[in-house]
Amino acid sequence: MKDSPKSSSETEDKLFHSKITLQIKGKLIMLEDPCVMGILNVTPDSFFADSRISDDERQLLSKAEKMIEDGAVIFDLGGYSSRPGAENVSTADEIKRVIPAVRSLKKHFPDVLLSVDTFRHEVAKESVSEGADIVNDISGGELDRNMIPTVGSMDVPFICMHMRGNPETMQSKTEYNNIEKEILSFFNEKLNQCHKAGIKDVIIDPGFGFAKTISQNYRILKNLSYFKTIKSPILAGVSRKSMIYKTLDISPEEALNGTTALNMAALINGAKILRVHDVKEATQTIKLYKNIYP
């Protein structure tokens with residue numbers, strides 16, 4: 001009996017096999033299967049109201065515990081809202097929000113990987129010193145030139161996201177000649193900088209919603225496998241974003257079904273990490289994906 005022909009995606013996987021390990025403070029973490037990163041926002045103004053957590057430690061721990069039960073492998077903790085048009089928050093205020101939460105999460109859930117979502121090296125450095133395992137920078141080191149050297153000195157992975165400008169200006173910077181090639185060029189340059197700085201592992205995030213129009217977001221999602229040529233794990237963060245709720249003419253609160261649909265598309269096209277507000281549904285999506293593509 002003849003073997004069935006290999007699909008283009010299977011051939012592509014062999015040609016551009018993504019790295020499946022992360023080195024974190026001397027420990028080796030496997031990323032063989034896709035995993036879920038749960039969003040924890042210690043901010044008063046994140047675009048999705050249900051993701052906001054007050055400074056009440058009990059609320060933070062309760063939400064984190066539920067995420068673990070639902071399948072989260074990584075927490076992503078942020079103290080600065082990066083929604084379009086978000087107002088500036090001082091470094092001191094961001095540290096006041098983030099560091100107590102880092103301490104609490106690592107004390108109660110030491111085995112869960114903790115990513116700190118910041119573009120400031122001071123916040124990253126203090127967070128890692130308090131136990132954070134990963135630094136997630138929405139600017140890929142563009143907003144703070146000390147970020148990449150700082151992460152390189154701390155022996156933790158770096159999530160490098162593509163964005164132009166800053167959260168206040170990014171939606172005025174959506175002109176591209178060839179968006180995939182320009183983002184790929186950005187990542188190649190950043191990976192070179194990261195490796196020179198001593199960063200062993202870089203996770204790439206194309207930055208859905210950051211300096212991209214809705215149609216550009218869908219184009220990137222459709223062509224996400226294009227970025228597998230870099231051989232770094234790909235993170236997809238589409239959860240409840242405007243590319244869903246504006247397209248469907250609904251609110252962020254109604255965008256869970258659309259999020260699930262786009263998460264499946266991201267997995268099929270090569271995403272290894274789903275950054276989400278709704279962990280249970282994302283975990284179920286991965287389980288179904290693995291039954292289609294075992």
Side-chain angles (χ1 to χ4, degrees), residues 7 9 13 18 31-41 46-53 62-78 81-84 112-113 115 117 136 138 159 161-162 203-210 212-228 233-294:
S7 70
S9 62
D13 284 343
S18 296
L31 271 183
E32 190 169 4
D33 292 325
C35 66
V36 177
M37 169 187 276
I39 300 168
L40 294 170
N41 287 322
S46 297
F47 80 94
F48 179 46
D50 285 356
S51 73
R52 302 169 192 164
I53 299 171
S62 174
K63 189 156 191 171
E65 185 173 29
K66 179 67 165 59
M67 284 184 171
I68 294 172
E69 291 172 0
D70 289 342
V73 173
I74 309 170
F75 294 140
D76 193 43
L77 178 69
S81 175
S82 56
R83 62 179 172 79
V112 180
L113 296 177
S115 165
D117 183 355
N136 181 9
I138 61 169
I159 300 175
M161 196 189 84
H162 174 270
I203 297 163
I204 61 171
D205 177 354
F208 293 101
F210 290 80
K212 286 102 181 165
T213 65
I214 289 176
S215 63
Q216 287 168 345
N217 287 323
Y218 281 102
R219 175 172 166 171
I220 292 167
L221 182 60
K222 179 182 178 181
N223 298 311
L224 194 63
S225 61
Y226 181 77
F227 303 109
K228 291 170 71 175
I234 299 172
L235 182 150
V238 299
S239 183
R240 296 183 180 267
K241 286 187 173 178
S242 62
M243 65 184 289
I244 300 169
Y245 65 79
K246 288 185 178 179
T247 298
L248 299 177
D249 194 23
I250 56 177
S251 68
E253 288 71 24
E254 300 171 292
L256 176 55
N257 187 54
T259 297
T260 298
L262 297 196
N263 277 337
M264 180 61 86
L267 291 169
I268 291 170
N269 289 322
K272 278 291 186 183
I273 302 172
L274 299 179
R275 182 180 181 273
V276 301
H277 300 93
D278 309 281
V279 171
K280 182 178 180 180
E281 289 79 3
T283 301
Q284 291 174 342
T285 303
I286 290 174
K287 186 173 183 179
L288 295 175
Y289 163 79
K290 287 172 64 180
N291 274 271
I292 302 170
Y293 304 98

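FYI, the numbering just counts along the sequence from 1.
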Check: Ser225 side chain, Gly270 main-chain N or O, donor-acceptor pair, under 3.5 Å: no

Separation of Leu40 CG from Leu77 CG (nearest 0.5 Å): 6.0 Å

Separation between CD1 of Ile268 and NZ of Lys222, rounded to the nearest 0.5 Å: 14.0 Å

Separation between CD1 of Ile234 and CD1 of Ile204, rounded to the nearest 0.5 Å: 4.5 Å

Contact summary for Phe75 and Met37, nearest pair of heavy atoms: C-CG, 4.4 Å

Reported NZ-to-OG1 distance for the pair Lys290 and Thr285, which is rounded to 0.5 angstrom: 13.0 Å

Arg240 to Ala255 - nearest heavy-atom pair and separation: NH1-N, 3.8 Å

Least distance between heavy atoms, Ile220 atom then Phe227 atom: CG2-CE1, 4.0 Å

Check: Pro206 and Leu224 side chains under 4.5 Å, non-hydrogen atoms: yes

With Val36, the side-chain contact (heavy atoms from CB on, under 4.5 Å) member among Thr283, Asn263, Asp278, Asp70: Thr283

Beyond-backbone contact of Thr260 with Met264, side-chain heavy atoms, under 4.5 angstrom: no

Side-chain heavy atoms of Asn269 within contact of Tyr226, under 4.5 Å: no

Validation row: Arg275, Asp117 side chains within 4.5 angstrom (heavy atoms): yes

N/O donor-acceptor pair under 3.5 Å between Asp249 side chain and Tyr245 backbone: no

CG on Asn136 to CE on Met161, rounded to 0.5 Å: 8.0 Å

Within-4.5 Å side-chain heavy-atom neighbours: Ile244 and Thr259: yes

Heavy-atom check, side chain of Phe210 versus side chain of His162, under 4.5 Å: no

No-hydrogen, no-angle side-chain donor-acceptor test under 3.5 Å, Ser62 and Glu65: no

pair Asn217-Lys241: side-chain heavy atoms closer than 4.5 Å: no

Nearest heavy-atom neighbours spanning Val112 and Val73: CG1-O, 3.6 Å

Heavy-atom neighbours of Asp33 CG exceed 12 at 6.0 Å: yes

Any side-chain heavy-atom pair of Lys212 and Arg219 under 4.5 Å: no

Minimal non-hydrogen separation, Pro34 against Leu267, with atom names: CB-CD2, 3.6 Å

Point-to-point distance, once rounded to the nearest 0.5 Å, from OG of Ser242 to CG of Leu248: 11.5 Å

Minimum heavy-atom distance between Gly38 and Val279, given as atom pair plus value: CA-CG2, 3.9 Å

